[in-house]
Every structure is written in C-alpha cells, then in structure tokens.
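Each remark here refers to the structure printed beneath this line.
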Amino acid sequence: MTSTAPENSRNRADALPKSWNPGDVESDLYEGWVAAGYFAADAKSPKAPYSIVLPPPNVTGNLHMGHAFDHTIMDLLTRRKRMQGYEVLWLPGMDHAGIATQSVVEKQLSRDGKTKEDFGRELFVDKVWDWKRESGGAIQGQMRRLGVGVDWARDRFTMDEGLSRAVQTIFKRLFDAGLIYRAERLVNWSPVLETAISDVEVKYEDVEGELVSLRYGSLNDDEPHIVVATTRVETMLGDTAVAVHPEDVRYASLIGTTIYHPITGRQIPVVADDYVDPEFGSGAVKITPAHDPNDFELGMRHNLPMPTIMDKTGKIADTGTEFDGMDRFEARVKIRERLSEEGRIVAEKRPYVHSVGHSERSGEPIEPRLSMQWWVKVESLAKAAGDAVRNGDTVIHPASQEPRWFDWVDDMHDWCISRQLWWGHRIPIWYGPEGEVVCVGPDEQAPEGYVQDPDVLDTWFSSGLWPFSTMGWPDATLELEKFYPTSVLVTGYDILFFWVARMMMFGTFVADDPVITAGKPADSVQVPFRDVFLHGLIRDEFGRKYSKSKGIGVDPLVWIVEYGADATRFTLARGAQPGSDLSVGPPHVTASRSFVTKLFNATKFALMNGAAPGEITDRAALTDADRWILDRLEQVRAEVDSAFDRYEIGKACEALYHFAWDELCDWYLELAKVQFAESDERAASTRTVLGAVLDSVLRLLHPVIPFVTESLWQALTGGAEGASVVVASWPQSSGVAADEAAASRIADAQRLITEIRRFRSDQGLTDKQKVAAALIGIEDAELTGLSVQIANLARLTEPGDDFSATASVQVRLSGATVTVELDTSGTVDLDAERRRLEKDLGAAQKDLTSTTAKLGNEAFLAKAPDEVVAKIRTRREVAESEVARIGARLEEIARLAATK
C-alpha cells in the first residue's frame, strides 16, 4: 500500500481557497480547457467516435432555461464519453430563425420610422447580417458560462456558405425526384408578418369569443332555411356551401338544392358529408373552403369554389360587398350588426371560450388562408422515418414516446416549405419569360432572363439537414466518415414531430449517398442519429411551464451568477429523466449549491489530513469501514454507469448525491477521523482509501459539475493524467468481490449510532455533550472492532468507577441485541426535561384520542377512502408508541429526582 506524503497533500489543501466561490474560478477554468484543446475533435483519431450536434438556438436572443437544460445534458454525455476514451465531437451552431430574426430587425427599423421596403431586399438582408454579427455572441457567452464543451472551431450557422450549398443541393434532389411541388393549399397565415407560418409557430390559447347562430335561406318559416353557428362571422363572405349529414332526416329534402346566402345574395348548394356531426348544434355547418382546414377538405371532396376573401394583411378584399377594405375583426362586428338588423341572428352566446391559434412571433390570431406555396410530398419520406424507428436503426428514449412518433409520421400531411420573407434561404426556383420553371443547383446558373422565386424556405428546412450539413455534406469530408451518423439527439418531447421528423426524413433520403456511406460497413443503415433522448419540459417549482411572455422563468445566467454553474447544472441534471417534466426553482438550486459546498469542504478536510489516492494492495489489512466504502463506491459506480447508458440522468445524479453526502461525508469521513488517530500504518491506509474514493467520486461527478471537480481533483492528485479531470479516465470496475460481512457490520454500527443519537436527543442531551455509557452485547454483535468509532460518533465515554446507569435503550441488530446504558446524572435538567416531555405527552395523547375516535366511527369508516383510513391507523400506532415512550421516560425522571 502506498500513499502520497501527507505534507504534499496538506500543501495542496492550502492552495485551495478558504471557501468555494464559483465566480472567482469558473471562467478561467473554462477558457483554460478551450485553450488546451480538450473539446477539439480529431477526425483522424483511431478512437471510437461519439458525436452530438447541438440543436441550434435561434440567433435572435439569449438562451433560456430550456436551452440550459439541453446543454447540460449534452455536456455531461460528451464529457463522460471523452473520459471513457471516445473521440468526441460536439458540434455547435445557431439557426438563422427566419421569421423571428426578420421581425427583430424590422422592429428596429420601425423605431426610426422606416420599413424594409424603404431599403429594398438586398440592403435589408445586409442589415440583418449586420445585426447577426453584433448579436450572435450573446449566446456563445452564455454557453461558455455554463461550461459546455463544444468544439468551437466547428461552429456553424444555417445561413453560412456551406449550409446554403447543402440546402440548394437537397432542394434540387427532392425537386428532381418529384417530391417538391407548387400548389394552392390552405396554410397558417400571419396577417402581421404577411407570410405563411409552420404549425410549430402556432400556439393555441383559450379566448373569449362569440358563438353566433344565424339563418341562411328564407326568413319565412314555411320556406327553405337552415341555421348554422360560427365563431367567425366574417368568413361567411367566403361561403360556398352549407353541409349536413347525409342521414339527417331534417335536411333530406334540402340536400342537392341551393339556399340563399344572406350577405352575398348568391344561391349556394346544400351538400351531404359524413364530416358533419348531426348531434352538434343544428346539425348544419357553413363551408368556407379558403379559410378553414376542415372546410377545405370538404370543398375538395365536393369540388366547391374556393374564393379567398382576405388580402395578405387580413383585410376583407374582392367580395363585392360594403365590407371590402375592413380589417377582419371590424368586419366581424359590422356583419353581425347587419345580420341582426335583418333578423337573421337566431342566438348569440357571449362570452364563448374556444381555442384559437396565435402566431408565436407576432401574437395575433392566425388566419387559415388559401395560398400558392411550395410543398414537400412527405409520404415516402415519412414512411422511411417511421421504418428507421420500427427497425431499431434509431432508438427513442423513452420507448413510451414511440406511439406518438408513429401516429405522427404515419399520418403526416405534405409540408409547406415556402415563406413570404426576405431573410432566409431563397427558393432555388427560377421562372422564364414564357412561364418556364427551372430548379437551379448550387453549381448551376439560371438561364438568361429568368427571375428567381421571391419566397424563402421554412427555417425547419435548413435545420432538418443539420446533422450532416454541418459536417460538410454534400461534399465528402473526414467528419462525415468519422462522426456520422451522430450518436444521440437530445431534445424536448414537444418538438418530436417538427424538427426531429424533418431530420429523420432528410437523413433517410440521403442515406444511400456515397458521401454518406463512405467508410461505413456495407450493411449499416445511415440515419441522422442512433439514439433520440426526449426529455420533458422544464417548469418552475410550482409546476408552471417557463414562459418569457407570461413572466414565468429565469435567465440561466441569473442562477449561474448567484449560485454558480455547477449548482445550476446539478439542479437541471438531477431532474432529467426520459420523457418526464422537471420542476425547479430557487429551493432546488440552493440545495445544489449546498451539495457543491459540502463536496468542497469534505475534500479540503481530507487533504488537510493527508489524503491522497494511491494503490491499495492488501484489502485484508483494511478496516471494515475502508472495505465498506470501497465496495459501496463500486456499487454506485455500476449504478451510475447503468443509469447514464439508459439516459436516466436524474437517477445517476441521485445515486452520486446520496453516496457523496450521506455515505462518504456523513459516515466514512467521521469513521476515518478515528482511524487517523490510530497507528501510523492505519492512518496511512485510511489516507489512501479516502484519497482513492474521492478520486473516483470527483471523476464520476465531473460530467455534471465540472468546475468544482476540476479544482478539487487537481488538488487531490497533483494534476495527474494530463493535469485535468476533463481528460482523466472514467472509473472502471474494481473486479473485487464485495465484503458482505464488513458491510453488515458497518450497517449494524450505523443503526446503533443512529439509535443512540435519537435516544440522546430524547434524553435532552445536546450534540456536544459527552456521556458515560456501557455497551452490553457489543461482542456478540461482532462490533468490538468498531467500538471506538461507535463511541466517538455517538459522543460516549468509557464508564468510570462512579458509573451509574440512569437510562438505557436496547437496539436489535442483525447479529445480536446491544443494550446501551447511559449515566445521564448531572447532564440533564430534570425539571426542564419533565416539562418538555409532559407537553409532548399531551400532544401525543390528544392525537391518540382523535384517531381512536375516528377509527371507532362506523359511518366514517364506511365513507372514507382506504388510503385515508390507513393513514389514520398509522397515526394512531405512532401516537400509541409515543405515549408509551414518553410515559416511560417520565417515570425514569421521577425515579432520578427521588434519588437526589
């Protein structure tokens, strides 16, 4: 057995600060890691690859707590794999965020009374680039403060030259394969932004509206008429039919006829369709195909006209009515007033709460609108994405999310990819003077006289290429050969259907590309990622989803500044479980800070007592405490490895937390104090064991709390293995069978010490008071070898000649029963203790009376739930035990008082 000299260890303890102040060291440590190249990936390395591409945050602003959650998880995964000997690539980048970024710059211009049209497209785009260069660094600064180990040299942007080339390439390949087409379809339209927006940019909110029932056809009850209900009266200007159920006898005579439209004066048909619910309302619905998704589908089935009644700003247009030029909401009021004057309003329900889609970016209600757009035909692409999961080529964690995945990809609708913006990837379609259409690839030129399509692509189109475009595709690169497919995608379950699905569709589409398959086994399937880890949403301590717009949330920098990056990271990682939401707030991060402080203080104490890692050659020479802590370390290491491999990160953190705090700090360190005071040989072996355990614990904790573990590990080891725990080896199995007998004896000692401490408290003794005691039966319990530790931790002294047992307690252990006799004479204020106990006895008797009465009430037992009755029974049992315990103690105090 060898150990570093205690003097060296104590010197390193002195080099540590008096207390852990993260703000003093975190930034310097991080920049040192970056400068040392620890996070730089080598595509030529012979090591096994492990790769993650960072889900690109929008360039528009700062990271929120959800980003910090994501980044913490990815960082701990990559740090662990690096320590396990993998060549790790964690590739960072940002998304150009078309709508969000254009909106930010337009708002800036508006403050100067300008619009984008004042500059023209080219100059406006230049201004957006200027803004990106000025603002893009904020996110990187936050990432550095959090400690994320990305390869900064490979930082990418969805609008950089290489990714733009990838976008043009995939568009042309899809177009040439017949999977991209142009058509007039219904889209989510933002009148404020004047563009189509994606489903993920629509947020549904319950709003108070009005449900108006109005009469079509004749006002004469004896003549044909139908009552329909709507929350959007203004859309009736685009009605082209009224629909009823084909088996609804009320309308059988009207099906196939026409009915008078009260505003336009047109005769519109009455059609029969199974879509209509005859039990809802009047059983009849107005059909506005150009402004409602369900109506559009019905209109397609019945070949109905589809007039668009609003322009791109949401104003009524081209209806030939007096409402043309009105905003849609103004028209809603005016049309209702006219209908009311004509006696066509049958009923109004106000307020009427219903769900309305709103633009996430501009906040206004979206308008379903028929519009000419570019689309991706998704059927074959979605099938391939589904098959990749069905076949096990990509594994979703947790598996419980798979049904949602299949529900989505098996019923996916064609994807609208065009946006009416200026900032973004311009659609590579050019139109000739005679209406010719040509798709131009990245290495091609449009014919002379052709004009490019003005629209740009949906942001999700370019981010869907992220796993392979960031590594150089469509060109052959060492990165693609080494690191693609990526190892895991980490993201929230809420965007499973949007971003993840897009990446899977594009990834499977290019799976056979020679650039992708180069250097891979012939039978391997190329998917964008092997694992998908879907974590839950992050919420505050009250369970509310973080929302900047609602004032619920915390900038992660606030926590990092106040509590430190390690405490922030540990708080997030401790709650990270596949598919489960995480609720965190100040109490949680405060507890994490306490844990970091505890680890720092414990390690510094160990160093001050000469602890240093060394080789343990003779386990037989170790104490029970030494063997127990080494065995527990091995068990926890295996548990942590298993949990990390299953992405059960919270479980891994819990295991490390309780081992470090409860077992290492609260038990072994206290036991070690006694061993330090024994022989030189015993003290030396204890220092080595303590050093070895701390060495492993700091390595195991490093991926989660990298800063404090780096500082402590360097002090503990003197900077072995390259002077940084970042590149130290991950703890491996010891290969030594656990000493079950030693574990049993330690468990008995812990039980005995805990019971003595509880009993001392009951006797009114303070933690610092030492009391003479005799341990009877300790030999039978095989705890003689731990008697000194037991006495020390329980604050007991050897019985003297004048020893007189005034209190005793029996503790049943696994091997035998130990009786502890204590001499508390002179250590307890009997009168004060009697008054305290009498108060406690009164409370216990009151609870006993109350619970006994309830359990004796047959009416209560018949109505109360089983779990309530069970809780009351438990309370009565506790009360009975307390009455007996306190009564016995009062009798003992009376006896002691009588002898004085």
Side-chain angles (χ1 to χ4, degrees), residues 1-17 20 83 596 598-637 640 656 659-702 705 708-736 739 742 746 789:
M1 181 179 302
T2 61
S3 175
T4 303
E7 293 76 14
N8 293 336
S9 180
R10 295 185 185 103
N11 290 338
R12 291 196 293 272
D14 292 338
L16 287 171
W20 179 247
M83 295 174 74
V596 171
K598 180 94 168 179
L599 185 68
F600 178 85
N601 291 338
T603 306
K604 188 168 184 179
F605 168 82
L607 288 169
M608 291 175 65
N609 282 275
E615 185 181 0
I616 300 169
T617 58
D618 184 8
R619 277 178 60 97
L622 301 180
T623 66
D624 281 350
D626 295 337
R627 289 193 291 272
W628 164 74
I629 197 65
L630 289 170
D631 291 343
R632 281 296 299 137
L633 172 65
E634 171 57 22
Q635 292 160 4
V636 169
R637 182 208 59 77
V640 167
L656 287 169
F659 175 74
W661 189 302
D662 301 341
E663 297 179 288
L664 177 57
C665 295
D666 285 357
W667 282 109
Y668 183 72
L669 275 182
E670 295 303 313
L671 295 170
K673 289 178 182 178
V674 178
Q675 296 180 180
F676 284 146
E678 295 180 9
S679 66
D680 290 345
E681 183 179 357
R682 174 67 68 221
S685 66
T686 301
R687 294 186 187 105
T688 302
V689 170
L690 179 55
V693 172
L694 280 170
D695 181 18
S696 289
V697 167
L698 293 173
R699 295 179 196 231
L700 290 169
L701 280 166
H702 173 72
I705 48 175
V708 69
T709 52
E710 174 74 301
S711 295
L712 295 177
W713 189 83
Q714 288 192 24
L716 180 71
T717 65
E721 293 194 42
S724 174
V725 72
V726 175
V727 290
S729 59
W730 185 253
Q732 300 297 309
S733 171
S734 66
V736 177
D739 188 333
I746 291 295
Q789 286 92 331

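Just the heavy atoms: all of them, side chains too, but no hydrogens, waters or symmetry mates, feed the values below. These numbers were taken from a predicted model, which means no experiment stands behind them. Each residue takes its place number in the sequence, starting with 1.
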Minimum heavy-atom distance Q714-S724, with the two atoms named: NE2-CA, 4.4 Å
Of all heavy-atom pairs between R627 and R619, which one has the smallest distance, and what is that distance? NH1-O, 3.2 Å
Point-to-point distance, once rounded to the nearest 0.5 Å, from OG1 of T603 to CG of L599: 4.5 Å
Any donor-acceptor pair under 3.5 Å linking the side chain of E634 with the backbone of S734? yes
For V689 and I616, what are the C-alpha separation, side-chain angles and deciding distance, and is it a side chain to side chain contact (heavy atoms under 4.5 Å, CB included)? CA-CA 7 Å; V689 170; I616 300 169; 4.0 Å; yes
Quick check: do T717 and P613 have side-chain heavy atoms less than 4.5 Å from each other? yes
If you compare all heavy atoms of F659 against all heavy atoms of R632, which two are closest, and at what distance to 0.1 Å? CE1-CB, 3.8 Å
Test side chain to side chain contact (heavy atoms under 4.5 Å, CB included) on L16 and L712; report intermediate values, then the result. CA-CA 8 Å; L16 287 171; L712 295 177; 4.0 Å; yes
What are the two closest non-hydrogen atoms of C665 and A602, and how far apart are they? SG-CB, 3.5 Å
Would you compute the distance between atom OG1 of T709 and atom CZ of R699 and round it to the nearest 0.5 angstrom? 11.5 Å
For V725 and E710 the tightest heavy-atom approach is N-OE1, 2.9 Å
Does a sphere of radius 6.0 Å around CG in D662 hold more than 12 heavy atoms from other residues, nucleotides or ligands, not counting ones at 6.0 Å or beyond? yes
I need the I746 CD1 to Q789 CD distance, nearest 0.5 Å. 7.5 Å
Answer whether the closest heavy-atom distance between the side chains of V636 and L656 falls below 4.5 Å. yes
Run L690 and L664 through side chain to side chain contact (heavy atoms under 4.5 Å, CB included) and show every step you take. CA-CA 9 Å; L690 179 55; L664 177 57; 4.1 Å; yes
Heavy-atom side-chain contact between Q675 and L622 under 4.5 Å: no
Could you state the interatomic distance from CG (L700) to CG (L633), rounded to the nearest 0.5 Å? 6.5 Å
Rounding to 0.5 Å, atoms CD (Q732) and CZ (R637) come to a distance of 7.0 Å
Residue list, side chain to side chain contact (heavy atoms under 4.5 Å, CB included) with N601, at least two apart or on another chain: T597
Stepwise side-chain hydrogen bond (donor to acceptor under 3.5 Å, both in side chains) test for D695 and W713: CA-CA 7 Å; D695 181 18; W713 189 83; 2.7 Å; yes
Interatomic distance, CG@D739 vs CG@D624, rounded to 0.5 Å, equals 6.5 Å
R682 backbone acceptor or donor facing S685 side chain under 3.5 Å: yes
Might you point out which heavy atoms bring P17 and K604 nearest each other, and give the distance in Å? O-NZ, 2.8 Å
Could you tell me whether the side chain of E663 and the main chain of W661 form a donor-acceptor pair under 3.5 Å? no
Could you go step by step and tell me if Y668 and V693 meet the side chain to side chain contact (heavy atoms under 4.5 Å, CB included) rule? CA-CA 10 Å; Y668 183 72; V693 172; 5.7 Å; no
Do T686 and E678 make a side-chain contact, defined as non-hydrogen atoms from C-beta onward lying under 4.5 Å apart? no
